[in-house]
Trainee: 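Sharing a structure here in structure tokens format.
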Amino acid sequence: MKTTILLILVFTQLDYVSSLTLSTQNGVDNGKKITINNSDKMTELLKYVEQNLVVLYEILQRNRVLAVKAANGIYTPRQRGNFNQSFQEMFKEAARTIRRAKYNNYPLLEFTNQKWAAHLVLKLDRKDEPVVYSLPRIYSQNYGYDSWSHNEKIGWPNVKTTWEASAALGDIDKALGQLDSELTLVRAVIQRLNIAKKVDHKIK
């Protein structure tokens, strides 16, 4: 029994096929893709994507705490300056995390990189329909970088003043919302791949 057919059946039953098409948000699609010919490898790669998204989420959560503190008028400018230094360092770690997330030299999260591929495609047989997962689009402006492909600091939010800290909170909340949606999606795909694998084993 072909695993790909089972995968498609499982995705259809769970009304999830619409999330696994080649159409992308905002019409951004460079046409590149990473083709995987093993369902276990596909699951492993998706878990790797998930792990990196979790790291980014945790970094932003920490920075949100710093921004909330800095927005509080009880702290002195010097204290807010210390908050800001930690704030900037966490953004640097977010940048490093995004640049490190690669598969065979293909960036998985750094979608501003020319080598970035828009999709992971599970293709087990030439006759079977592929299973497609659209990789996350991590918008750099939510993290303070104009491009993740270099170290240049452009437009980083600051928390040196209460006003700047309040503005940074809005940016962080937008980024957290995006990451939360991406985590929900990738976890759902992993779960459905696992379901398909269990169904395949039972039939065999």
Trainee: Counting N and O atoms only, with roles assigned by atom type, does the side chain of R137 sit under 3.5 Å from a partner on the main chain of F111, one being a donor and the other an acceptor?
Mentor: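 No, the answer is negative, given that no donor and acceptor are paired below the 3.5 Å cut-off.
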Trainee: Show the nearest heavy-atom pair for residues W116 and P136, with the distance to one decimal.
Mentor: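 So the minimum-distance heavy-atom pair works out to CZ2-O, 3.7 Å.
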Trainee: Let me check something: any side-chain donor-acceptor pairs from residues 51-61 under 3.5 Å, sequence neighbours excluded? List them with distances.
Mentor:
{"residue": "N52", "atom": "ND2", "partner": "Y48", "partner atom": "O", "Å": "2.8"}

Trainee: Is the shortest heavy-atom distance from the side chain of K41 to the side chain of Y103 under 4.5 Å?
Mentor: yes
Trainee: What heavy-atom pair brings E89 and R96 nearest, and what distance separates the two atoms?
Mentor: O-NH2, 4.4 Å
Trainee: Would you list the pairs meeting salt bridge (charged side-chain N to carboxylate O under 4.0 Å, His left out) in which at least one residue belongs to residues 45-56, sequence neighbours left out?
Mentor: E50-R187
Trainee: Tell me the closest heavy-atom pair linking A117 and L135, and the distance in Å.
Mentor: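 Smallest interatomic distance, heavy atoms only, reads O-CD1, 3.0 Å.
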Trainee: Considering only heavy atoms from C-beta outward, does the side chain of Y133 approach that of L193 to under 4.5 Å?
Mentor: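 Result no, sub-4.5 Å side-chain heavy-atom pair not found.
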Trainee: R100: which residues meet the salt bridge (Lys or Arg N to Asp or Glu O under 4.0 Å) condition with it, sequence neighbours left out?
Mentor: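 If we apply the salt bridge (Lys or Arg N to Asp or Glu O under 4.0 Å) test to R100, skipping adjacent residues, the hits are E93.
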Trainee: Only counting residues at least two apart or in another chain, list the ones meeting salt bridge (Lys or Arg N to Asp or Glu O under 4.0 Å) with D173.
Mentor: R64
Trainee: State, yes or no, whether a side-chain contact exists between L45 and L108 at a heavy-atom distance under 4.5 Å.
Mentor: yes
Trainee: Where do K102 and P107 come nearest, in terms of heavy atoms and distance?
Mentor: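 Where K102 meets P107 most closely, the heavy atoms are CG-CA, 4.0 Å.
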Trainee: Could you list the residues that satisfy side chain to side chain donor-acceptor pair (under 3.5 Å) with N105, not counting sequence neighbours?
Mentor: none
Trainee: With sequence neighbours excluded, tell me which residues meet side chain to side chain contact (heavy atoms under 4.5 Å, CB included) with D40.
Mentor: N38, K197
